[in-house]
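Chain naming here is simple, since letters A, B, ... match the order of the sequence lines and numbering starts at 1 in each.
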There are 2 protein chains.
Amino acid sequence: MLKARDTMTCQIRDVLDRVGDKWTLAVVNELGGGPRRFTELKRGVPGISQRMLTVALRVLERDGLVGRTVHPVVPPRVDYELTALGRALLERVWGLIDWTVENHHEIEKARGRYDSLNR
Amino acid sequence: MLKARDTMTCQIRDVLDRVGDKWTLAVVNELGGGPRRFTELKRGVPGISQRMLTVALRVLERDGLVGRTVHPVVPPRVDYELTALGRALLERVWGLIDWTVENHHEIEKARGRYDSLNR
DNA sequence: CCGCATCCTACTCGATACTG
DNA sequence: CAGTATCGAGTAGGATGCGG
């Protein structure tokens with residue numbers, strides 16, 4: 001029998017504060033491919049707005065998951081890259097992603113059953 | 001070098017649709033301790049409203065992560081429990097939780113540094 | 001090129017009240 | 001006990017315009 005983690009509710013809050021929003025995970029994943037410039041990230045994460053990318057990067061930088069390097073040149077150049085901490089997180093997130101990929105079909109079937117029963 | 005998962009952005013949406021909200025994970029975790037009645041879940045997940053518990057349970061039931069059993073008695077009695085699919089998800093989520101626990105202190109330090117530098 | 005400030009909309013969520 | 005219905009406040013996030 002699986003056992004519930006004790007005092008987990010507050011830890012779940014911590015987890016979700018980090019990865020629970022739409023864009024943070026996508027940005028972290030994109031950075032998993034190596035250092036990226038701001039504009040490269042914007043291209044690499046389809047649908048993200050400039051504002052949301054900025055916000056996501058600031059949060060990640062503040063939490064020490066992403067490093068930010070400003071090159072004093074014109075035009076400005078800024079590189080972002082995962083820290084060791086960020087790479088460790090990405091590997092855990094892949095556990096979740098893999099689960100979704102592995103079970104995508106079964107979930108779809110469950111939904112079909114549910115929806116046909118409840119109209 | 002870590003490599004980014006290809007076509008990951010849409011899969012991230014799938015993941016977040018499942019576990020990206022405040023309460024779903026907490027409910028799944030509580031059910032990790034075994035079958036629970038509605039009111040037991042409400043007590044076991046501090047701060048959750050009746051409405052949010054209902055919504056979370058419906059989503060989880062629809063996706064086949066949680067089973068729902070209605071006992072035809074008065075007063076009504078309904079039991080919820082994780083399916084095999086739900087238990088598999090919970091184990092992956094623990095990977096994330098453990099990362100948070102392991103690195104909580106380092107994240108706090110990073111925040112302190114960031115905040116002191118940027119006032 | 002990089003990113004902040006502002007405005008505005010749409011949805012989320014909590015509180016409350018009510019039902020089988 | 002186990003929900004459903006309704007309403008209002010708060011917030012996330014897109015659009016736009018400007019500045020270094």
Side-chain angles (χ1 to χ4, degrees), chain A residues 9-10 12-13 15-28 30-31 35-63 66-81 114-115 117-119, chain B residues 9-10 12-13 15-28 30-31 34-62 66-81 114-115 117-119:
Chain A
T9 300
C10 58
I12 285 174
R13 283 247 42 82
V15 170
L16 293 176
D17 286 346
R18 219 88 56 200
V19 302
D21 74 270
K22 194 172 174 179
W23 299 115
T24 301
L25 285 188
V27 171
V28 167
E30 182 66 19
L31 287 171
R36 293 282 188 277
R37 302 183 56 176
F38 187 88
T39 308
E40 288 174 340
L41 283 172
K42 187 152 164 29
R43 269 200 312 274
V45 182
I48 195 171
S49 67
Q50 217 167 35
R51 172 181 158 74
M52 286 302 102
L53 179 54
T54 300
V55 170
L57 286 170
R58 283 302 158 276
V59 171
L60 290 168
E61 186 193 357
R62 184 168 111 96
D63 285 355
V66 163
R68 179 174 185 267
T69 309
V70 181
H71 303 277
V73 297
V74 281
R77 179 196 175 96
V78 182
D79 284 327
Y80 296 92
E81 62 182 333
Y114 185 94
D115 291 344
L117 288 177
N118 302 275
R119 180 148 17 202
Chain B
T9 301
C10 56
I12 285 174
R13 281 247 45 82
V15 171
L16 292 175
D17 286 346
R18 218 88 55 198
V19 302
D21 75 272
K22 193 174 175 180
W23 299 116
T24 301
L25 285 189
V27 170
V28 168
E30 182 65 20
L31 286 172
R36 292 282 187 279
R37 303 183 57 176
F38 187 88
T39 309
E40 289 173 340
L41 283 171
K42 189 152 163 27
R43 269 201 311 274
V45 181
I48 195 171
S49 66
Q50 219 167 33
R51 172 181 156 76
M52 285 303 101
L53 179 54
T54 300
V55 170
L57 286 171
R58 286 299 161 277
V59 170
L60 290 169
E61 187 193 356
R62 185 168 109 97
V66 163
R68 179 173 185 268
T69 309
V70 181
H71 302 277
V73 296
V74 281
R77 179 193 176 97
V78 181
D79 284 329
Y80 295 92
E81 61 182 332
Y114 185 94
D115 291 344
L117 288 176
N118 302 276
R119 182 154 17 229

Less than 4.0 angstrom between a side-chain N/O of B:R37 and OP1 or OP2 of D:dA2, yes or no? yes

Separation of C:dC11 C1' from B:D17 CG (nearest whole Å): 15 Å

Sorted by number, residues from residues 53-61 of chain B placing a heavy atom under 4.0 Å from DNA chain C are none

Smallest heavy-atom separation, A:R68 atom then A:V78 atom, equals CG-CG1, 3.8 Å

Partner residues of A:D115 under the side chain to side chain donor-acceptor pair (under 3.5 Å) criterion, sequence neighbours left out: B:R62

Atom pairs, protein N/O to nucleotides 11-17 of chain D N/O, distance under 3.5 Å:
unit_1	atom_1	unit_2	atom_2	d
D:dG13	N7	A:R51	NH2	3.4
D:dG14	OP2	A:S49	OG	3.2

Separation between CG (A:L57) and CZ (A:R36), nearest 0.5 Å, reads 12.5 Å

When rounded to whole Å, the CZ to P distance for the pair A:R77 and C:dG3 reads 12 Å

Trace of the side chain to side chain contact (heavy atoms under 4.5 Å, CB included) decision for A:Q50 with A:F38: CA-CA 9 Å; A:Q50 217 167 35; A:F38 187 88; 3.9 Å; yes

From A:L16 CG over to A:T24 OG1, what is the distance, rounded to the nearest 0.5 angstrom? 11.0 Å

Spacing of B:R43 atom CZ relative to D:dC1 atom P, expressed in whole Å: 8 Å

Between B:V66 and B:V27, is any pair of side-chain heavy atoms under 4.5 Å apart? no

Would you say B:Y80 places a side-chain N or O within less than 4.0 Å of OP1 or OP2 belonging to D:dC1? no

From A:R13 CZ over to B:L25 CG, what is the distance, rounded to the nearest 0.5 angstrom? 10.5 Å

Given side chain to side chain contact (heavy atoms under 4.5 Å, CB included), test A:Y114 with B:R58 step by step and report yes or no. CA-CA 10 Å; A:Y114 185 94; B:R58 286 299 161 277; 3.5 Å; yes

side-chain N/O A:R68 vs C:dG3 OP1/OP2, d < 4.0 Å: yes

